[in-house]
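Letters A, B, ... are given to chains in the order of the sequence lines, protein chains preceding strands, and every chain is numbered from 1. Keep in mind it's a predicted model, so treat the numbers as computed, not measured.
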Number of protein chains: 2
Amino acid sequence: MYDVENSIGFLLSKGYQRAWALLREEIEQYELTPPQFALLAFLWREDGLTQTELSEAGQIDRTTLGGLIDRLEKTGLVERRPHPRDRRAYQIHLTTRGRELEGPLSECATRTLARLTNGLTETEVSELRRMLIILRGERTVYDFPAC
Amino acid sequence: MYDVENSIGFLLSKGYQRAWALLREEIEQYELTPPQFALLAFLWREDGLTQTELSEAGQIDRTTLGGLIDRLEKTGLVERRPHPRDRRAYQIHLTTRGRELEGPLSECATRTLARLTNGLTETEVSELRRMLIILRGERTVYDFPAC
DNA sequence: TCAACATTGACAGCATACTGACTATCTGTA
DNA sequence: TACAGATAGTCAGTATGCTGTCAATGTTGA
């Protein structure tokens, strides 16, 4: 009999939901959601990317990203600026407020990680991270049998 | 600087998205989504639960579950029957077709797991499962400081 | 019995995530 | 230059997941 409860997919979805809920609690006061936080975090590293570039960097769907930016623009954390050499594109820039949040929000993320991985040792967390990276992006010849 | 890309939360969300996409591919022919599959899998184990019971068993939000059942009812895989002793509640039952899908869909799930964990050894998959279980449900005194 | 409280499921509303279609614009080539 | 094809971003549509609210029904205790 198929054991959903212990399947990797089911456990990933529940782990993800727990991570989301914990981070949500920590950043609630800033009226942000976890994906919005993640997008800001990418911009802290590199500002002024186009939506397509951001979408690739953050592995976020192009249309999903559009909505995220709409909402972050409405709360005044980022702004769309016309691209100087491509009239189709926008460059997404942090506002001053968006940049100022890096410190406090990073602390929220650190607290969240601590709560989330409360039951694991540091070594286990590193192992988990390594395995999740493999899960996410594993690209072997087997993935592209036709190539 | 905060490193989103290697944070456990970000990696969980991407791993989950990949697991979803792979399973989606495998079960597409049955016109099912991964959460719908998971719900069926709980019913294969125990049929006739109420929505609240199913919601607890599957750790699925009560209102989300309502929608899932609506759609599975529409595609003829489950049906709502009035609860014999509680006029507020329904018992959710598999239809014949819903029961028949257990074999083929379980195979889809097995193939999905193989593709998802392609880059990991069997031992690593077990380790990953163990750690995800801890992540999901870790309940220590620290989670309930007020109790 | 009856009033207070709890539970069940529905509904509205919002944010994410993805598909497919569309417009505007850019690029490469004849 | 002019045109075919590629690319940037939007929009509509659908499913999930969650919050809050509500009506109907159950349950419990005075």
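- Using a 4.0 Å cut-off on heavy atoms, the residues of residues 60-72 of chain B that approach DNA chain C are R62(B), T63(B), listed by number.
- Applying the 4.0 Å criterion to OP1 and OP2 of dA17(C), one finds that Y16(A) has a side-chain N or O inside that range.
- Atom CG of L77(B) sits about 12.5 Å away from atom CZ of F37(B), to the nearest 0.5 Å.
- Under 4.0 angstrom from either OP1 or OP2 of dC18(D) there lies at least one side-chain N or O belonging to Q17(A).
- Rounded to whole Å, atom C1' of dT7(D) lies 16 Å from atom CG of L54(A).
- Of all the residues in residues 32-53 of chain A, T50(A), Q51(A), T52(A) reach under 4.0 Å from DNA chain D with at least one non-hydrogen atom.
- In terms of the salt bridge (Lys or Arg N to Asp or Glu O under 4.0 Å) criterion, residue partners of R80(A) (sequence neighbours excluded) are, by chain and number, D70(A), E73(A).
- Evaluation of the ring pair (Phe, Tyr, Trp, His ring centres under 6.0 Å) rule for Y90(B) yields no partner, not counting sequence neighbours.
- For R88(B), the salt bridge (Lys or Arg N to Asp or Glu O under 4.0 Å) test picks out D86(B), with sequence neighbours left out.
- Here the straight-line distance linking atom OG1 of T75(A) with atom CD of E31(A) works out to 8.0 Å at 0.5 Å rounding.
- Using a 4.5 Å cut-off on side-chain heavy atoms (C-beta onward), D3(A) and R45(B) make contact.
- The CZ-C1' distance, from R24(B) to dA17(C), rounds to 12 Å in whole Å.
- Near DNA chain D, defined here as any heavy-atom distance below 4.0 Å, the residues from residues 74-90 of chain A are R80(A), R88(A), A89(A), Y90(A), listed numerically.
- Mapping Q91(A) and K14(A) onto DNA chain D by nearest heavy atom places Q91(A) closer to the 5' end of the strand.
- As rounded to whole Å, 12 Å separates atom P of dT16(C) from atom CG of L23(A).
- Atom-to-atom, CD of E31(B) to P of dA15(D) comes out at 11 Å; the value is rounded to the nearest Å.
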